[in-house]
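Taking it in order: structure first as C-alpha cells, then the write-up.
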2 protein chains.
Amino acid sequence: MPGRYQWQNRFRENVCRWTVPREVILALLSRTTEHLTAKDIYGSLYSMYPGIGLTTIYRTLELLHRLGLVHKVAAGDGQSRYALKREDKGDHHHHLICTKCGKIVDYRDFVQEELELVKKTEEALAKKHNFAITDHNIEFLGLCEKCR
Amino acid sequence: MPGRYQWQNRFRENVCRWTVPREVILALLSRTTEHLTAKDIYGSLYSMYPGIGLTTIYRTLELLHRLGLVHKVAAGDGQSRYALKREDKGDHHHHLICTKCGKIVDYRDFVQEELELVKKTEEALAKKHNFAITDHNIEFLGLCEKCR
DNA sequence: ATTATAATTGAAAATGATTATCAATATCTA
DNA sequence: TAGATATTGATAATCATTTTCAATTATAAT
Ligand SMILES: [Mn+2]
Ligand SMILES: [Mn+2]
Ligand SMILES: [Zn+2]
Ligand SMILES: [Zn+2]
C-alpha cells in the first residue's frame, strides 16, 4: 500500500471519509499500471469484495479524479478509463490508444521534448484565448497489434 | 458548396449514394468552422429540412468520418463533435477544449513545431509497439472564459 | 423512360455508460 | 458511546448512440 497515509490525509482535508470501498479501489489501482474501466474494477474486486456496488466505483473514481489522484482517459470507445497518478516525478507520459478495443499504452519516449513544447504552447494559448488550462493530452490513435 | 463534386466522387467510389440528407449535412458543415454535435446539426437543419431524422445524422457523420471527410472529437462532456476537414494543407491544427461546456477552439500556433515532433514520435511508437497509427490528438484542457 | 436492385431513410425500440434517488449503514467527532 | 453526517448499494432515470425494420429513393440495367 504505497501512499496509503497520504491518501487518507488527502481525503480528510476534503471532509471525505476513509472507507473500505475507497481503500480497496485505490489498492487495486496501485497494483497495476493499466488503465481500467469502472467495470474492469468491478470485475476485479468481485471476488475479494462481493457486494460492492458499481455506483460506488463510479463515485469513487470521480472523487479520486477531483482530488487529482487519478488520470481519466477517454479512449473513444464510449467508456472512461482510469489510472493512478504516481508521485514519481519522472512518471509523466503520453498515450497510444487503440480505437478498436480501447487499449491504452503509456509511452515516455520523447516526453521531455514534448513537455517543453507543451509548456511554451500552453502559456501562449492561455493568454491568447483567456483559458484556464489545467491539463493536456497528447495521444496517438490507431490499431493495436491484435486489432489491425 | 466548396467540394461538392469531390464529395460525390468520394461517395461513389465507396458504393455510397448521393442523397439529400448527406448533401445538406455536408453543406452545413462546410459553412462553419465550429465543431458540432449531432444535435447541433439536427437543430440547425430543422428549419430547412424538417423531417430529417437524428438517426440519419448519426449515420452520416459516421460515414463521413469513415471516408476521412470529418474530424471526430470527444470533448469529454459525453458527446462527440464533428468538423469538416479542409482540403487546404495549412489547415492542420490542434485543440483547446473547455471541459465544462465542451467548447472547442482550434489553434495553429506552434503547430509546425508540434508536427515535426509528432512525426518523429509517431514513427518510433509505431515500430516499438506494433501499432498502425492513423491519427493524433494534441489538446489542452481547461475552462473557457465563460466557464471559469 | 421503365424497371429491378440494393442503399438509404426515419420512427421506434434497444443498448450501454453514467448519474440521480433514497433508505440503510458506516465513519468520524465530541 | 452517541449523535451528526458522509457514504453505500439497489433501483430507477438520463442521455448519447445503435439497432431494427418496413417504406422510400438512387442508381444501374434494360
Ligand atoms: Mn497513462
Ligand atoms: Mn478542429
Ligand atoms: Zn486493440
Ligand atoms: Zn466553457
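Computed from a predicted model, the values in this text were never measured in an experiment. Protein chains get the first letters and strands the later ones, always in sequence-line order, with residue 1 at the start of each.
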Among all residues two or more places apart in sequence or in another chain, which pass the ring-ring contact (aromatic ring centres under 6.0 Å, His included) test with His93(B)? His95(B)

Among residues at least two apart in sequence or on other chains, which ones pass salt bridge (charged side-chain N to carboxylate O under 4.0 Å, His left out) with Arg31(A)? none

Can you list the residues that meet the salt bridge (charged side-chain N to carboxylate O under 4.0 Å, His left out) rule with Asp106(A), with sequence neighbours excluded? none

Provide, to the nearest angstrom, the distance between the OH atom belonging to Tyr58(A) and the C1' atom belonging to dA13(D). 15 Å

Residue list, salt bridge (charged side-chain N to carboxylate O under 4.0 Å, His left out) with Lys119(B), at least two apart or on another chain: none

Taking 5' to 3' order, which nucleotide of DNA chain C is first and which is last to have an atom within less than 4.0 Å of a heavy atom in chain A? dA17(C) to dC28(C)

Quick test of your reading: applying side-chain hydrogen bond (donor to acceptor under 3.5 Å, both in side chains), list the pairs with at least one residue in residues 133-146 of chain A, sequence neighbours left out, ordered by first then second residue. His92(A)-His136(A), His94(A)-His136(A), Asn137(A)-Glu139(B), Glu139(A)-Asn137(B), Glu145(A)-Asn130(B)

Okay, side chain of Thr32(B), backbone of Leu29(B): is any donor-acceptor separation there less than 3.5 Å? no

Let me know the distance between CZ of Arg81(B) and C1' of dA16(D), rounded to the nearest Å. 12 Å

Inter- and intrachain pairs under ring pair (Phe, Tyr, Trp, His ring centres under 6.0 Å), touching residues 49-72 of chain B, at least two apart: none

Residues at least two apart in sequence or cross-chain that pass salt bridge (charged side-chain N to carboxylate O under 4.0 Å, His left out) with Glu113(A), listed by chain then number, are Lys120(B)

Identify all pairs in which a protein N or O lies below 3.5 Å from an N or O of nucleotides 5-9 of chain D, and state each distance.
{"from": "dT5(D)", "atom 1": "O2", "to": "Arg17(A)", "atom 2": "NH1", "distance (Å)": "2.8"}
{"from": "dT5(D)", "atom 1": "O2", "to": "Arg17(A)", "atom 2": "NH2", "distance (Å)": "3.1"}
{"from": "dA6(D)", "atom 1": "O4'", "to": "Arg17(A)", "atom 2": "NE", "distance (Å)": "3.3"}
{"from": "dA6(D)", "atom 1": "O4'", "to": "Arg17(A)", "atom 2": "NH1", "distance (Å)": "3.3"}
{"from": "dA6(D)", "atom 1": "O4'", "to": "Arg17(A)", "atom 2": "NH2", "distance (Å)": "3.4"}
{"from": "dT7(D)", "atom 1": "OP1", "to": "Arg17(A)", "atom 2": "N", "distance (Å)": "2.9"}
{"from": "dT7(D)", "atom 1": "OP1", "to": "Arg22(A)", "atom 2": "NH1", "distance (Å)": "2.6"}
{"from": "dT7(D)", "atom 1": "OP1", "to": "Arg22(A)", "atom 2": "NH2", "distance (Å)": "3.3"}
{"from": "dT8(D)", "atom 1": "OP1", "to": "Thr19(A)", "atom 2": "OG1", "distance (Å)": "2.7"}
{"from": "dG9(D)", "atom 1": "OP1", "to": "Tyr49(A)", "atom 2": "OH", "distance (Å)": "3.1"}
{"from": "dG9(D)", "atom 1": "OP2", "to": "Gly53(A)", "atom 2": "N", "distance (Å)": "3.3"}
{"from": "dG9(D)", "atom 1": "OP2", "to": "Thr56(A)", "atom 2": "OG1", "distance (Å)": "2.6"}
{"from": "dG9(D)", "atom 1": "N7", "to": "Arg59(A)", "atom 2": "NH2", "distance (Å)": "2.5"}
{"from": "dG9(D)", "atom 1": "O6", "to": "Arg59(A)", "atom 2": "NH1", "distance (Å)": "3.1"}

Which pairs pass salt bridge (charged side-chain N to carboxylate O under 4.0 Å, His left out) with one or both residues in residues 5-19 of chain A, sequence neighbours excluded? none

Can you tell me how far C1' of dT17(D) sits from CD of Gln79(A), to the nearest Å? 14 Å

Base, sugar-phosphate, or nothing for Ser80(A), non-hydrogen atoms under 4.0 angstrom? sugar-phosphate

List for me each residue that meets side-chain contact (heavy atoms from CB on, under 4.5 Å) alongside Arg59(A), sequence neighbours excluded, and say none if there are none. Thr55(A), Thr56(A)

Let me check the geometry of the helix from dA1(C)-dT30(D) to dA30(C)-dT1(D). What is the bend angle between the axes at its two ends, five pairs each, to 10°? 40°

